[in-house]
Protein chains: 2
Amino acid sequence: MHPTFQHHDHSHCAGDSLARAEALMAERGARLTPVRKRVLEILLEAHKALGAYDVLQRLAAEGYGNQPPVAYRALDFLVEQGLAHRIQRLNAFTACMHAGETHAPAFLICDRCATVAEAPVAPIRAALEAAAAEMGFAVDRVSLEATGLCPACKDAA
Amino acid sequence: MHPTFQHHDHSHCAGDSLARAEALMAERGARLTPVRKRVLEILLEAHKALGAYDVLQRLAAEGYGNQPPVAYRALDFLVEQGLAHRIQRLNAFTACMHAGETHAPAFLICDRCATVAEAPVAPIRAALEAAAAEMGFAVDRVSLEATGLCPACKDAA
DNA sequence: TCTTGACCTGTTATAGTATTACATACATAG
DNA sequence: CTATGTATGTAATACTATAACAGGTCAAGA
């Protein structure tokens, strides 16, 4: 079973990701400011996809600005830097579990508990790009999202 | 090159799809009412992804209700019946070019002209489901959307 | 040191997307 | 004919996202 779906020490995996993020940003000369860092933490702690307004609410409760752009800007930054992903289907955001590694994930979204896992699908993406190329279409960005039931919710049902 | 990207007699392909839709609905005992049919026609005529409010505006101009639910209900119906697809990335809808055939399309969305083509990717979907199954995840629905440049816009650029 | 310029944050206002809830009409089976 | 399910119309509202501008911070160079 995939780690995301297993019981695991969550504070540990979140801490790891955060440390990796800080290292990456330092390396790139990008600024992981307090708001941005806090947003990343929020996403990591939640361990599921959060809407921009969910994030905003938490930020506001901690004394940061409480207007939408505050959340959207931080989220956009994280997405640009590959520290988070946007889940189109949910109008929501989730922390990236493999920041730094170049990866082409598919997202598996549980309909019941909203957990989001990243599945590695590099070959699938290559196949899609090949198919598109045959049609004369030049692919820029791909989003691959599947909904269904995660192992836990499947057992519960 | 893929037919969607070629110059073609558009009223013809639209008429075809409409006839196929009516046959399908009759077969299933589902009701392709005037609003629903008109919405499908609108999507077919546009031949690109339209937002719900674009559709609504056209409906209203023809004497149908002019409140959002009128458009959303018809669109939801068409999507359920497989006569249209929702393009998450654009918050928009497009007529299905292969209604009735079971298919698992990927959508190729041109960033410049917003044309949307369906690429056949059944094997890709199968590969994804296999990968998900290995993680214990039961896939229900998949959405696979790529943005980039269609042949025409690529040449123009 | 001072200034400049780039970038980040905050705020107001507004645009765009979607749903809830309820009332009315319409078709078909009994 | 009438009861039932389904479709449509409308009002109100919720949710998601962006534009535009003001003020603050910080580092590089004069």
Side-chain angles (χ1 to χ4, degrees), chain A residues 21-22 25-26 28-43 46 48-81 83-94 109 114 143 145, chain B residues 21-22 25-26 28-43 49-81 83-94 109 114 143 145:
Chain A
E22 297 199 276
M25 291 305 94
R28 289 185 197 160
R31 296 171 56 193
L32 192 60
T33 61
V35 211
R36 292 169 175 174
K37 182 171 167 184
R38 188 65 195 116
V39 169
L40 180 55
E41 284 172 8
I42 288 169
L43 291 180
K48 58 171 197 152
L50 292 182
Y53 282 74
D54 294 329
V55 172
L56 180 57
Q57 200 177 318
R58 286 167 170 80
L59 285 179
E62 297 173 22
Y64 293 97
N66 69 343
Q67 298 303 316
V70 174
Y72 279 103
R73 284 194 287 234
L75 289 166
D76 289 348
F77 170 86
L78 295 174
V79 169
E80 265 166 35
Q81 295 293 328
L83 300 177
H85 297 291
R86 177 178 214 131
I87 310 296
Q88 305 277 353
R89 188 135 192 150
L90 303 176
N91 293 321
F93 301 82
T94 186
I109 306 161
S143 95
E145 302 177 357
Chain B
E22 296 199 276
M25 292 303 96
R28 291 184 195 161
R31 297 171 55 193
L32 192 62
T33 61
V35 210
R36 292 169 175 173
K37 182 171 166 184
R38 188 66 195 114
V39 169
L40 180 54
E41 284 171 7
I42 288 170
L43 291 180
L50 292 182
Y53 282 72
D54 294 330
V55 171
L56 181 58
Q57 200 177 318
R58 286 168 170 79
L59 284 179
E62 297 173 22
Y64 292 97
N66 69 342
Q67 300 302 316
V70 173
Y72 280 104
R73 283 194 287 236
L75 289 166
D76 289 347
F77 170 87
L78 295 174
V79 169
E80 266 166 34
Q81 295 294 327
L83 301 178
H85 297 291
R86 177 178 214 131
I87 310 297
Q88 306 277 350
R89 192 134 190 152
L90 302 177
N91 294 320
F93 301 82
T94 185
I109 307 162
S143 96
E145 303 178 358

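Protein chains get the first letters and strands the later ones, always in sequence-line order, with residue 1 at the start of each. Quantities reported herein were computed from a predicted structural model and do not represent experimental measurements.
Applying the salt bridge (Lys or Arg N to Asp or Glu O under 4.0 Å) rule to E145(B) yields no partners; only residues at least two apart in sequence or on another chain are considered. Here E62(B) pairs with R38(B) under the salt bridge (Lys or Arg N to Asp or Glu O under 4.0 Å) rule; sequence neighbours left out. Residues that satisfy the side-chain contact (heavy atoms from CB on, under 4.5 Å) test with A52(B), not counting sequence neighbours, are Y72(B), L75(B), F93(B). Scanning for salt bridge (Lys or Arg N to Asp or Glu O under 4.0 Å) contacts around K37(A) gives E22(A), with sequence neighbours left out. Residues satisfying the side-chain hydrogen bond (donor to acceptor under 3.5 Å, both in side chains) criterion with Q88(A), sequence neighbours excluded, are absent altogether. With sequence neighbours excluded, no residue forms a side-chain hydrogen bond (donor to acceptor under 3.5 Å, both in side chains) with R31(B). With sequence neighbours left out, R58(A) forms a salt bridge (Lys or Arg N to Asp or Glu O under 4.0 Å) with no residue at all.
Bending across the helix from dT1(C)-dA30(D) to dG30(C)-dC1(D), expressed as the angle between its end axes from five pairs apiece, amounts to 10° (10° rounding).
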Where do N or O atoms of nucleotides 8-14 of chain C meet protein N or O atoms at under 3.5 Å, pair by pair?
| residue | atom | partner | partner atom | Å |
| --- | --- | --- | --- | --- |
| dC8(C) | O5' | R36(A) | NH2 | 3.0 |
| dT9(C) | OP1 | T33(A) | OG1 | 2.6 |
| dG10(C) | N7 | R73(A) | NH2 | 2.4 |
| dG10(C) | O6 | R73(A) | NH1 | 3.0 |
| dG10(C) | O6 | R73(A) | NH2 | 3.4 |

- Query: Would L59(A) and I42(A) satisfy side chain to side chain contact (heavy atoms under 4.5 Å, CB included), going step by step from the backbone distance to the final call?
  - Reply: CA-CA 9 Å; L59(A) 285 179; I42(A) 288 169; 4.1 Å; yes
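Between M25(A) and L83(A) there is a side-chain heavy-atom pair separated by less than 4.5 Å.
Atom CG of L90(B) and atom P of dG16(C) are 15 Å apart (whole Å). Between the CD atom of Q57(B) and the C1' atom of dA15(C) there is a distance of 15 Å, rounded to whole Å.
Contacts between chain B and DNA chain D, taken as any atom within less than 4.0 angstrom of a protein heavy atom, begin and end at dA7(D) to dA11(D).
Each of Y53(B) and N91(A) lies near DNA chain D, and the nucleotide nearest Y53(B) is the one positioned closer to the 5' end.
Within the structure, the salt bridge (charged side-chain N to carboxylate O under 4.0 Å, His left out) test picks out no pair touching residues 64-73 of chain A (sequence neighbours left out).
Residue R86(B) places at least one side-chain N or O under 4.0 Å from the OP1 or OP2 atom of dA18(C).
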